[in-house]
Amino acid sequence: MIRIHNHKLTISKLKMNYAYHTTNLKNTSIFRRGKYCLPRTRPQIRFSTQCLEFSTIPKEKTSSLRSIAREKEEEEVEKKMEESNKEMLMIQKWLNQHNELYTSATRHPFTLSIRDGSVDLSAFKRWLGQDYIFVRAFVPFVASLLLKAWKESDDDSDIEVILGGIAALNDEVSWFKREASKWSVSLSSTVPQKTNLEYCRFLESLMSPEVDYTVAVTAFWAIEAVYQESYAHCLSDGSKTPEELKETCRRWGNDGFGQYCHTLQNIANRRLEKSPEAIISKAEATVMRVLEYEVEFWNMSRGET
Ligand SMILES: Cc1ncc(CNC=O)c(N)n1
C-alpha cells in the first residue's frame with residue numbers, strides 16, 4: 001500500500017530522498033545478504049508528514065508511486081493557478097485571456113517596421129496626418145471622462161490624473177503641427193479615412209452620459225496603453241529606429257508616459273474591483289473593441305484600407 005501524506009514533495013525531492021535513503025540502507029539486512037546480492041525488490045518509500053519509512057515494494061509499484069506524486073504535483077499547480085487567478089487584477093486577467101489581440105495591437109507590422117528601420121515613410125506620413133485628426137477627437141472624449149470622474153469617482157486624485165492627460169494632449173496637438181510641417185504633411189487638407197472616422201465615432205459613443213465612468217476610464221487606459229507599449233518597443237534594446245522617428249517614439253514610449261498608463265490601469269482596476277458583473281462585461285467588451293480599432297488604425301496607416 002502506498003500512501004503519500006506529504007503531497008508537497010516534488011518528484012525531484014522524491015528522487016533525492018530515495019537516493020539518500022538508499023545509501024543509508026547499505027547497512028540494512030537486505031543489503032547485507034551477500035557481496036553482490038541485490039534485494040529482489042527495490043526499497044520503497046512511504047511518506048508521512050513526520051518521517052519516511054522503508055519497506056520492500058515490488059518494482060512495478062515504484063512507477064505508480066511516481067505517477068501518484070506527479071498527479072498530486074499537477075493538482076497543486078492547478079490549485080495555485082486558480083488561487084493566483086482570484087488574486088489577479090481584472091486587466092491582467094483580460095490581457096492573459098486576450099493576449100493574441102493585445103499583441104496584434106502592440107506588435108503591429110507598422111510599428112515593428114519603425115523598430116527595424118524598414119518603415120515606408122509615406123505610411124508614416126499617412127499615420128501622422130490621420131492621428132492628428134484622431135487626437136483632436138480624443139480631447140473631447142477625455143474631457144467627457146473628466147466630467148464623469150467629477151460626478152462618479154470615489155477618489156479625488158482621478159480628476160488630477162485625467163487633467164494631466166488633457167494637459168499632455170494640449171502639448172501633443174502642438175507637437176503634431178510641428179511634426180507635420182517637418183514632414184511636409186498638410187494637416188488642413190488631410191481627409192479622415194473610413195477607419196479613422198469609425199474610431200472617432202466610437203469615441204463619441206463613449207462620451208454619452210449613459211456610459212459608466214468605469215467603462216470609459218478602462219477604455220481610456222486601453223487607448224493610451226497601446227501607444228505606450230507599441231512605441232516603447234521601438235526604443236527598447238535591439239531596435240534600429242531611424243533617428244528622425246525617435247522623437248515620435250519617445251512621445252509615447254518614454255518612462256513618464258509608461259508611469260501615467262500604469263496609474264490609469266490602477267484606476268481602472270480599482271473601479272472594476274467594485275463593479276457589478278454587468279459593468280465588468282461592458283468594460284471588457286469595450287477594451288476588445290479599442291484593441292480592434294487600434295489594429296485597424298495601424299492597418300490604415302500602412303495603406304491597407
Ligand atoms: C489611434 C490612436 N490611439 C491612441 C493614441 C494615444 N493617445 C493619445 O495620443 C493615439 N494618438 N492615436
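Each ligand, and each atom within it, is numbered from 1 in the order the structure gives.
Under a cutoff of 6.0 Å and an axis angle of 45°, R289 and Y293 form a cation-pi pair.
Residue contacts with ligand 1 include W252, since one of its heavy atoms falls under 4.0 Å from the ligand.
Taking the six-membered ring where the residue is Trp, W298 and Y231 present perpendicular rings, their angle passing 60° and hence far from 30°.
Considering both main-chain and side-chain atoms, Y199 never comes within under 3.5 Å of ligand 1 through any nitrogen or oxygen pair.
Nearest protein heavy-atom contact of atom 3 (N) of ligand 1 is E294 OE2, 2.7 Å. Looking from atom 7 (N) of ligand 1 to the surrounding protein, the closest heavy atom is E224 OE1, 2.6 Å. Counting only heavy atoms of the protein, atom 9 (O) of ligand 1 lies nearest to E172 OE2, 2.4 Å. Protein heavy atom in closest approach to atom 11 (N) of ligand 1: D131 OD2, 2.9 Å.
Taking every non-hydrogen atom of F138 and a distance limit under 4.0 Å, the qualifying atoms of ligand 1 come out as 7 (N), 8 (C). Shown in contact with V135 at under 4.0 Å from a heavy atom are these atoms of ligand 1, numbered in order with element: 9 (O), 11 (N). Residue I223 has at least one heavy-atom neighbour below 4.0 Å for each of these atoms of ligand 1: 3 (N), 4 (C).
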Evaluate the side-chain contact (heavy atoms from CB on, under 4.5 Å) criterion for residues I133 and Y199: first the C-alpha distance (whole Å), next the side-chain angles of each, then the deciding distance (0.1 Å), finally the verdict.
CA-CA 11 Å; I133 294 170; Y199 198 0; over 6 Å; no
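For R250 and E247, the salt-bridge test fails: no basic side-chain N is under 4.0 Å from an acidic carboxylate O.
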